[in-house]
Amino acid sequence: MLTKATDILGVQVQKALAELYQLNVELNTISFQQTKKEFEGDFTLVTFPYVKASKKGPEQTAEEIGNYIKTHCKELISFNVVKGFLNLLLSNDYWQSFFAEILKIENYGIIKANATSPLVLLEYSSPNTNKPLHLGHVRNHLVGYSVAEILKANGKRVSKTCIVNDRGVHICKSMLAWQKFGNGETPESSGMKGDHLVGKYYVAFDKQYKKEIEELVAQGMSKEEAEKKAPSMLEVQAMLLKWEDGDSEVMNLWKTMNSWVYAGFDVTYKKLGVDFDSTYYESNTYLLGKDIVEEGLKKGVFFKKDDGSVWIDLTAEGLDQKLVLRADGTSVYITQDIGTAALRYKDNPDVTQMIYTVGNEQDYHFKVLFHILIKMGYAWAKECYHLSYGMVELPEGKMKSREGTVVDADDLLQGMYETAEATTSELGKIDGFSEEEAANLYRTISLGALKYFILKVDPKKKMLFDPKESIDFNGNTGPFIQYTHARIKSILRKAEYTFNKSDVVATTTLHEKEKELICLMHELPNVIQEAGKTYSPALVANYVYELSKAYSQFYNVPELNIVREENAAVKKFRLALSYKCSEVIKTGMKLLGVEVPERM
RNA sequence: GGUUAUGUAGCUCAACUGGAUAGAGCAUCGCACUACGGAUGCGAAGGUUUGGGGUUCGAAUCCCUACAUGACCA
């Protein structure tokens, strides 16, 4: 069992409060912060909350608690009090034995799931089949994938799932345009990636449609009417009806074009390194919600208006009335979502939570959806969670596909790859790499830069991306962390170090920078837990950066040279410390979906 | 108009959820190479945390208000 410093101290504080002031508090309410650099100590207890019970000033209270711990706890070597802050300093012996303890733990920080662990269903990606993926999707993919990894590390079983929006008016638009202007063009004949080819016709439709509207408006029609009566729009609607009737020609075209898109998506998914355990298609699920709405009508969850449309009244919940079925009996988005949720539950009866990775523009939608599911009486509905993330904005504002201000995912990846290639060959450190190894490395670095760049910011917040300024490789970046890892590996190679569980590692002196590294590693389980609780990869990203930075500082202290250290025990300790750092960096980066190279 | 987010250094982001003198990176300027990998380290400069009130031992964080931006709902 791991003897975490905060656990040891927490118990002591608890006892101190009970014995000194007859105050009984729960262990988990006692929290420590890392002592600020200006003060001496490892952890700090804020004593203001306890002055009521002690009936003494904050300083005296701190003093008394400090004294109590000092006499009862051998790990505590000294303490000091500044105002109401009690700074606790642990002995080097403690930190060394703590390090020896974690050194032996494989996959330190990770809680492994087993067959009986809670099952979480996490939806992400949710693409449309009418256009290629862009930067917004990339954030979705990276956040979704990383949160899945983080939840796994918290001992959960996670099943990643994807819903493909493969039907509707917008899909018919690209189909119609292809029929009209395509001349039988295919991905093979054009050499274009399938999703880009279909996207091209989606744009072509829009162009044609706009032209028609302009003409009609010029003839004196109002803009609104023109939008409804433009010939292309009428054709699209006719096509949608045919699709719903299962017209074989339309169905064939639909299947063909969708298959192009899927092939294109697969390439992008693979490049990004994301995957799914299951995929649902809206074309299969869009009718499912209707039965549930019927059922809800009987239960009185929904009500019918005079025109026959079905609604739910959420005014008591602070929302308003919401349409769930149109007057003509057709479903709206939320009808589908109700159906899909129910189907997923049916497919995974032991699921304990469903998570939806969807942009924050849908915040309202999911509030409504979850309320409906709860009112329908589904036990699992309370555990639904909308993993909402902010939009990625460009310097000129939001991305708009119609205005051509979209950053295409494939272009972005390609650009990153080229930057990685240029930077790496400029530095000239990978002599002896085969072409394949080099290509692999460029891929690793470019993905690392991109993923870290996106994941280091809190998902809830909107973020800014400037395509003109390429993503940095220096400072607080993915490549910096990857570099730190590669550098450690290089040292270990040079020193011919191989990790051995039974090695005894200790040093008589513990340098401040060495201790800092151990303290940081002490935090890893907390960080992973907190990241899981708040669904925030950013916490992991920031942590790994802190650790990498601390390692670089340690590395740059001349008297802490590892390879040239003559004292064998000290050398071994520093090697083991470095080794464990590289492991923790690797673990953290894996939670972000980023690989770390041995050399770069 | 209603609801809801967000507003922190020139720029991009942190701040352990109410704690000590608000921290990093980039950009700028200045250092450190007999280097275990310089994709590095050290230092300087840069802040009235959008403005104004309040709550308390203590506020970037909570409340009220104004402004700005975005998103949803009509």
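All chains are named by letter (A, B, ...) in the order of the sequence lines, taking the proteins before the strands, and each is independently numbered beginning at 1.
- A:Tyr545 does not qualify as a stacking partner of the B:A24 base, lacking a centre-to-centre distance under 5.5 Å together with planes within 30°.
- B:G58 has no stacking from A:Phe48 on its base ring, since the centres under 5.5 angstrom apart and planes within 30 degrees of parallel are not both found.
- Using a 4.0 Å heavy-atom criterion, one finds that A:Thr44 contacts the bases of the nucleic acid, with or without backbone contacts as well.
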>> Could you spell out the base pairing of RNA chain B as a dot-bracket line? Use Watson-Crick and G-U wobble contacts where both distances are under 3.5 Å, [ ] for crossing pairs, | for partners on a different strand.
In response: (((((((..((((.....[...)))).(((((.......))))).....(((((..]....)))))))))))).
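- Distance, A:Lys322 NZ to B:U3 P: 18 Å, rounded to whole Å.
- For A:Asn474, the listed nucleotide lying nearest its side chain is B:C26; candidates were B:C26, B:U21, B:A14.
- With A:Phe433 as the aromatic partner, A:Arg599 does not meet the cation-pi criteria of under 6.0 angstrom to the ring centre and within 45 degrees of the ring axis.
- A donor-acceptor contact under 3.5 angstrom links the side chains of A:Ser125 and A:His141, judged on distance only.
- Looking at heavy-atom distances under 4.0 Å, A:Thr477 makes no contact with the nucleic acid at all.
- Note on A:Glu516 versus A:Lys513: salt bridge recorded, some NZ/NE/NH1/NH2 to OD/OE distance being below 4.0 Å.
- Remark: the A:Asp363 side chain and the A:Ser388 side chain contain an N/O donor-acceptor pair separated by less than 3.5 Å.
- Listed by residue number, A:Gln33, A:Lys36 are the residues of residues 27-36 of chain A with a heavy-atom contact under 4.0 Å to RNA chain B.
- Ring geometry for A:Phe370 versus A:Tyr356: interplanar angle of 30 to 60°, hence tilted.
- Taking the side chain of A:Pro49 as heavy atoms from C-beta on, and the options B:G25, B:G37, B:G19, the nearest nucleotide is B:G19.
- Within 4.0 Å of A:Ala495, counting heavy atoms only, lies no atom of the nucleic acid at all.
- Considering only side-chain atoms of A:Val82, the nucleotide from B:A20, B:A14, B:C36 that sits closest is B:A20.
- The ring of A:Tyr483 does not lie on top of the base of B:U40; it is either too far (5.5 Å or more) or too tilted (30° or more).
- As judged by a 4.0 angstrom heavy-atom cut-off over every strand, A:Lys461 is placed among residues touching the sugar-phosphate backbone only.
- Rounded to whole Å, the distance from CG on A:Asp458 to C1' on B:A14 is 10 Å.
- Looking at the side chain of A:Val457, the nearest of the listed nucleotides B:G37, B:A14, B:G19 is B:A14.
- Here A:Val46 lies in heavy-atom contact (under 4.0 Å) with a base.
- Aromatic rings of A:Phe98 and A:His522 (six-membered ring for Trp) have centroids within the 6.0 Å cut-off, being under it.
- Regarding A:Asp466, its CG atom lies at a distance of 10 Å from the P atom of B:U12, rounded to whole Å.
- With ring centers used as reference points, A:Phe480 lies 6.0 Å or more from A:Tyr483.
- Across the protein-nucleic acid pair, A:Lys37 atom NZ and B:G23 atom P stand 11 Å apart, rounded to whole Å.
- Within 4.0 Å of A:Met391, counting heavy atoms only, lies no atom of the nucleic acid at all.
- Ring geometry, A:Tyr579 versus A:Tyr497: the interplanar angle falls from 30° to 60°, so the pair is classed tilted.
- Separating the CE atom of A:Met399 from the P atom of B:A71 is a distance of 13 Å, rounded to the nearest angstrom.
- Glycosidic conformation at B:U17 (O4'-C1'-N9-C4 for purines, O4'-C1'-N1-C2 for pyrimidines): syn, within 90° of 0.
- B:U3 atom C1' lies 7 Å from atom NZ of A:Lys367, rounded to whole Å.
- Within the 4.0 angstrom heavy-atom criterion, only backbone atoms of the sugar-phosphate kind lie near A:Leu464; the bases stay farther away.
- As judged by a 4.0 angstrom heavy-atom cut-off over every strand, A:Phe480 is placed among residues touching the sugar-phosphate backbone only.
- When heavy atoms are screened at a 4.0 angstrom cut-off, A:Ile445 is found touching base atoms of the nucleic acid.
- A:Asn561 comes within 4.0 angstrom of a nucleotide base, judged by non-hydrogen atoms across all strands.
- Rounded to whole Å, the distance from NE2 on A:His365 to C1' on B:U4 is 17 Å.
- Contact check of residues 547-559 of chain A against RNA chain B (heavy atom, cut-off under 4.0 Å) returns A:Lys549, A:Ser552, A:Gln553, A:Tyr555, A:Asn556.
- Counting to the nearest Å, the C1' atom of B:C13 and the NZ atom of A:Lys462 are 13 Å from each other.
- In terms of position along RNA chain B, the nucleotide closest to A:Leu539 lies nearer the 5' end than the nucleotide closest to the other residue of the pair A:Leu539 and A:Arg487.
- The residue among A:Ala420 and A:Asp472 whose nearest nucleotide of RNA chain B lies closer to the 5′ end is A:Asp472.
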